Undergrad: 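Below are the structure tokens for one structure; questions will follow.
Residue numbering restarts at 1 for every chain, and letters A, B, ... go by the order of the sequence lines. These figures come from a predicted structure and were not determined experimentally.
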Protein chains: 2
Amino acid sequence: MNVVNDSPRRKELTRVAAQLFVQEGFDRTTVRMLAQEMGIKSGSLFHHFRDKQEILCAVIEEGTQNALTIAKESLAQCENTPEARLHAMARAHLETLLTDRNAHVVALYEWRRLDEASREHLIHLRDAYEALWQSVIADALEAGLIRGDKFLVSRFVLGALNWTVRWYDPAGQRSPEELARELIAMMTAHGH
Amino acid sequence: MNVVNDSPRRKELTRVAAQLFVQEGFDRTTVRMLAQEMGIKSGSLFHHFRDKQEILCAVIEEGTQNALTIAKESLAQCENTPEARLHAMARAHLETLLTDRNAHVVALYEWRRLDEASREHLIHLRDAYEALWQSVIADALEAGLIRGDKFLVSRFVLGALNWTVRWYDPAGQRSPEELARELIAMMTAHGH
DNA sequence: CATTCACACTAGCGCTTGCTTGGTTACGAT
DNA sequence: ATCGTAACCAAGCAAGCGCTAGTGTGAATG
């Protein structure tokens with residue numbers, strides 16, 4: 001039992017775990033399934049991670065960190081208007097959710113499976129991501145682009161986006177970018 | 001093993017199961033936990049249900065049926081305008097989700113845990129509920145109250161509503177009715 | 001008064017789970 | 001040539017899992 005925290009091998013294994021967690025859910029994924037998919041035996045798994053819980057923790061950290069990074073990049077590259085910024089956020093969110101199809105989904109859907117210690121360790125990262133969303137939404141509200149309470153709008157928008165995981169078909173013709181555009185159009189369709 | 005399908009006792013047990021499934025999730029809920037909460041021994045459980053899967057099936061059927069019934073009642077009682085009907089649906093949805101706090105939540109969040117046979121048995125009921133939503137949304141679109149693609153809008157709206165389970169605080173000051181109103185206001189806020 | 005029935009109990013089987021142990025291999029640095 | 005270390009394996013343990021078998025009730029039914 002000789003857990004290393006930042007080996008490149010560990011990153012690799014984390015990616016595999018993320019995929020399985022999305023496919024089966026955390027509880028139904030056994031360490032034997034994880035090991036098999038990783039091409040090692042189940043005992044070897046505990047050389048890289050202290051326990052199963054730590055694998056979940058690593059996946060969620062990866063997923064949230066990734067979403068935060070990509071969101072910031074998107075904001076840096078887009079036009080500096082409230083609408084463009086809102087669109088950039090929604091698009092980035094959907095792409096990490098639907099295209100990667102792994103770590104970010106786990107971060108959203110398996111959060112409850114974290115124990116108290118892991119939750120405490122990750123909550124700051126999650127808060128940072130949500131704060132970014134809220135600032136973008138606050139700007140859009142101030143500019144009169146959309147309406148409502150800052151927190152409520154954030155939660156409704158994120159809810160609509162997060163739920164796409166349940167019905168989105170990657171083989172379908174709609175791209176994440178298109179979905180983001182449609183959602184914003186729905187909220188900003190002002191009278192004629 | 002003498003499973004009865006429509007006993008009143010079974011209804012009672014189903015209610016208890018729903019609460020536990022919401023609290024812990026289906027996978028983490030053991031038959032021993034269920035039995036204890038029901039005030040019987042784990043072996044006795046299988047007099048009422050063939051297996052654990054059948055308990056989930058009963059809960060989800062109950063939750064969806066209930067949501068459908070209440071939605072229809074709400075529609076029958078409200079004004080016959082697209083906006084009032086939309087509001088009635090959203091309110092009914094949130095109330096079965098946040099006030100009951102059990103069977104309907106399980107229906108939404110544990111659907112994936114159903115085996116093929118159960119899913120096939122329940123899919124028609126679920127389709128009926130979603131069809132009702134889509135007809136109300138189609139009317140609102142036709143009346144120009146909201147904008148977008150019928151299916152996309154349905155999914156975004158239901159996503160926003162379903163996600164409330166994750167953050168709603170029943171001890172807070174906002175009622176389901178208020179949430180429903182705010183969501184619709186967000187989508188129908190036409191410019192000045 | 002005998003039988004049936006719904007409902008509950010005790011006891012435990014067969015299996016899977018997360019995790020541990022003690023030891024082996026591959027390989028770059030010394 | 002030797003050593004250190006990261007990576008892996010075979011084997012298995014203790015606990016917990018869903019579920020079954022067989023039995024005991026007290027109330028309703030004939």
Undergrad: Find the distance B:F46:CZ to D:dG18:P and express it as a whole number of Å.
TA: 7 Å
Undergrad: Going by heavy atoms closer than 4.0 Å, what residues in residues 19-31 of chain B are next to DNA chain C?
TA: none
Undergrad: Between C:dT17 atom P and A:Q53 atom CD, what is the distance in whole Å?
TA: 18 Å
Undergrad: Quick one: does NZ or CZ of B:R28 land under 6.0 Å from the six-membered ring centre of B:F21, within 45 degrees of the ring axis?
TA: no
Undergrad: In this structure, how many angstroms lie between the P atom of D:dA6 and the CG atom of A:L45, rounded?
TA: 18 Å
Undergrad: Within the structure provided, determine whether B:S74 and B:M89 are in side-chain contact (heavy-atom separation under 4.5 Å).
TA: no
Undergrad: Without decimals, in angstroms, what is the distance between A:R113 CZ and C:dT17 P?
TA: 17 Å
Undergrad: Nearest whole Å is fine: how far is C:dC19 P from A:K52 NZ?
TA: 8 Å
Undergrad: For B:L13 and C:dA6, give me the distance from atom CG to atom P, rounded to whole Å.
TA: 15 Å
Undergrad: Name the pairs: protein N/O against N/O of nucleotides 9-13 of chain C, kept only if under 3.5 Å.
TA:
residue : atom : partner : partner atom : Å
C:dC9   : OP2  : B:K41   : N            : 2.6
C:dC9   : OP2  : B:S44   : OG           : 3.0

Undergrad: Hey, is the side chain of A:R50 poking within less than 4.0 Å of OP1 or OP2 on C:dC19, counting only N and O atoms?
TA: no
Undergrad: Has A:H47 got a side-chain N or O lying under 4.0 Å from the OP1 or OP2 atom of D:dC8?
TA: no
Undergrad: Rounded to whole angstroms, how far apart are CD on A:E12 and P on D:dA7?
TA: 10 Å
Undergrad: Cation-pi check, B:K52 to B:F26: give yes when NZ or CZ is under 6.0 Å from the six-membered ring centre and within 45° of the ring axis, no otherwise.
TA: yes
Undergrad: Is the shortest side-chain N to carboxylate O distance from B:E12 to B:R9 below 4.0 Å?
TA: yes
Undergrad: Kindly confirm or rule out a cation-pi arrangement of A:R155 over B:W163, judged by NZ or CZ under 6.0 Å from the six-membered ring centre and within 45° of its axis?
TA: no
Undergrad: Side chains of B:E110 and B:V59: closer than 4.5 Å at any heavy-atom pair?
TA: no
Undergrad: Checking B:H87 against B:E177: is there a side-chain donor and acceptor pair closer than 3.5 Å?
TA: yes
Undergrad: Counting only side-chain N and O atoms of B:H48, is one of them less than 4.0 Å from OP1 or OP2 of C:dA8?
TA: yes
Undergrad: Using a 4.5 Å cut-off on heavy atoms from C-beta on, say whether the side chain of A:L56 contacts that of A:R113.
TA: yes
Undergrad: Calculate the interatomic distance between A:E54 atom CD and C:dC19 atom P; express it in whole Å.
TA: 10 Å
Undergrad: Using the 3.5 Å cut-off, write out each protein N or O paired with an N or O of nucleotides 25-29 of chain C and the distance between them.
TA:
none

Undergrad: Using 30° and 60° as the class boundaries, would you call the ring planes of A:Y129 and A:H93 parallel, tilted or perpendicular?
TA: parallel
Undergrad: Could you verify whether a donor N or O on one side chain and an acceptor N or O on the other, from B:N66 and B:T69, lie under 3.5 Å apart?
TA: no
Undergrad: Which heavy atom in B:P176 sits nearest to a heavy atom in B:L94, and how many Å separate them?
TA: O-CD1, 3.5 Å
